[in-house]
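Just so it is clear, the model here is predicted, and its values are computed rather than measured. The chains referred to below are lettered A, B, ... by the order of the sequence lines, with proteins before strands, and numbering in each begins at 1.
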Protein chains: 2
Amino acid sequence: MEDRIDRIKKQLHTAGYKLTPQREATVRVLLEHEEDHLSAEDVYLLVKEKSPEIGLATVYRTLELLTELKIVDKINFGDGVSRYDLRKEGAAHFHHHLVCIECGSVAEIQEDLLEEVEEIVERDWKFKIKDHRLTFHGICYRCQQKHAEEQNQKE
Amino acid sequence: MEDRIDRIKKQLHTAGYKLTPQREATVRVLLEHEEDHLSAEDVYLLVKEKSPEIGLATVYRTLELLTELKIVDKINFGDGVSRYDLRKEGAAHFHHHLVCIECGSVAEIQEDLLEEVEEIVERDWKFKIKDHRLTFHGICYRCQQKHAEEQNQKE
DNA sequence: TTATTATATAATAATCATTTTCGTTCTTTT
DNA sequence: AAAAGAACGAAAATGATTATTATATAATAA
Ligand SMILES: [Zn+2]
Ligand SMILES: [Zn+2]
Ligand SMILES: [Zn+2]
Ligand SMILES: [Zn+2]
């Protein structure tokens with residue numbers, strides 16, 4: 001945790017920014033919720049627990065800064081809010097997501113899976129890929145199980 | 001064009017809705033701009049040219065309805081507005097997009113490209129895929145050319 | 001050390017997209 | 001025709017995000 005923060009601090013310095021207490025508090029919340037997909041408001045409320053004097057605008061500014069530096073990725077699942085996702089250290093590309101249309105859960109896929117697809121796109125569309133967003137909408141395992149149980153009860 | 005509208009009319013009827021004049025005007029705009037990626041506001045302004053009495057809320061309601069019926073797909077490229085994309089007739093899946101981070105242009109990929117990836121995801125993650133969103137961010141051919149020219153001028 | 005400058009901040013206020021409300025109109029059913 | 005239901009337009013409300021403004025803090029120059 002601490003060394004991770006140290007490295008982020010260096011990334012900020014390299015880009016000419018400082019890790020202010022507010023920024024550190026925000027980064028800590030993101031690190032403590034690496035599995036989640038927090039909205040700006042979510043982050044704000046969590047940061048506020050430890051540092052009640054922080055402002056919402058500061059959280060937005062910090063998240064924007066971290067996005068610029070590719071420390072976090074901003075993603076939108078179509079529910080009207082942007083969510084912020086800590087990028088795995090050393091990951092070249094943004095990871096993928098599985099969004100359950102029944103329970104709303106979001107799972108992550110860290111595997112790349114797109115190498116071949118990207119080769120095809122770069123070759124056939126002459127498009128230089130810098131980043132990608134891949135989200136699957138469907139039914140998670142848990143919800144599939146629930147359906148199966150309901151079927152059994154009927155019989 | 002007319003038969004396409006007829007089929008959409010049937011889809012609405014099947015779901016218990018009517019193709020009112022306002023809805024028809026909206027659908028026509030979408031058909032006439034199949035290549036574009038219009039925002040609700042864009043659609044509103046275009047519909048207004050032919051039917052000035054239409055309200056913005058009606059356009060939003062219509063786009064929402066068409067999204068529900070999978071006639072259009074709602075997509076968000078991260079610029080704060082939702083865009084509405086007519087789904088190709090008979091297409092099982094939503095098509096993919098190439099967004100240029102320099103000029104903002106959006107190109108479409110109609111090829112599926114994800115068959116294998118989806119097989120892997122359904123098998124390994126036990127996730128029943130219903131739909132997907134795949135967007136590549138990068139540099140379009142035209143912008144690459146522009147860069148190349150700039151390089152030549154320097155030399 | 002003191003003055004100056006730049007950066008970052010909290011607390012608003014403002015903006016912009018989208019949704020909701022509500023009174024009206026148009027259709028369908030009785 | 002009367003009643004009920006669906007759809008509408010205009011305006012108000014909402015909610016996420018950004019801009020503004022006045023302070024504070026830190027870095028630099030005098
Ligand atoms: Zn689920
Ligand atoms: Zn994620
Ligand atoms: Zn371009
Ligand atoms: Zn498209």
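The ring-ring contact (aromatic ring centres under 6.0 Å, His included) pairs that include a residue from residues 40-76 of chain B number zero, where partners must be two or more places apart or lie in different chains. Within the structure, no pair that satisfies the ring-ring contact (aromatic ring centres under 6.0 Å, His included) test touches residues 134-155 of chain B, not counting sequence neighbours.
The nearest whole Å value for the distance from the OH atom in A:Y17 to the C1' atom in D:dA26 is 17 Å. In this structure, the OH atom of B:Y44 is 14 Å from the P atom of D:dC8, given to the nearest Å. In this structure, the CG atom of A:L12 is 14 Å from the C1' atom of C:dT7, given to the nearest Å. A straight line from NZ of B:K18 to P of D:dA7 spans 5 Å, rounded to a whole angstrom. Summarising the geometry, the separation between NE2 on B:H13 and C1' on D:dA6 is reported as 13 Å, rounded to the nearest angstrom.
Side chains of A:Q151 and A:Q153: no donor on one and acceptor on the other come within 3.5 Å. With hydrogens and angles left out, the side-chain atoms of A:E108 and A:H37 include a donor and acceptor closer than 3.5 Å.
If you check residues 20-30 of chain B against DNA chain D, the residues with a heavy atom closer than 4.0 Å are B:T20, B:Q22, B:R23, listed by number. Of the residues in residues 50-78 of chain B, those placing a heavy atom less than 4.0 Å from an atom of DNA chain D are B:E53, B:I54, B:G55, B:A57, B:T58, B:R61, in numerical order.
Among the heavy atoms of the strands, none lies under 4.0 Å from A:S39.
The other members of the hydrophobic cluster of B:V106, by chain and number, are B:I75, B:F77, B:F94, B:V99 (side-chain heavy atoms under 4.5 Å, ILVMFWY only).
Each of B:V72, B:I71, B:D42 was compared with B:Y84 under the side chain to side chain contact (heavy atoms under 4.5 Å, CB included) criterion, and only B:V72 meets it.
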Taking distance alone, no hydrogens or angles, what donor-acceptor pairs closer than 3.5 Å link side-chain atoms of residues 24-35 of chain A to residues at least two apart or in another chain?
| unit_1 | atom_1 | unit_2 | atom_2 | d |
| --- | --- | --- | --- | --- |
| A:E24 | OE2 | A:R28 | NE | 3.2 |
| A:E24 | OE2 | A:R28 | NH2 | 2.8 |
| A:T26 | OG1 | A:Q22 | O | 2.9 |
| A:R28 | NH1 | A:E2 | OE2 | 3.1 |
| A:R28 | NH2 | A:E2 | OE1 | 3.1 |
| A:H33 | ND1 | A:V29 | O | 3.0 |
| A:E34 | OE2 | A:R4 | NH1 | 3.4 |

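Aromatic rings of B:H95 and B:H97 (six-membered ring for Trp) have centroids within the 6.0 Å cut-off, being under it.
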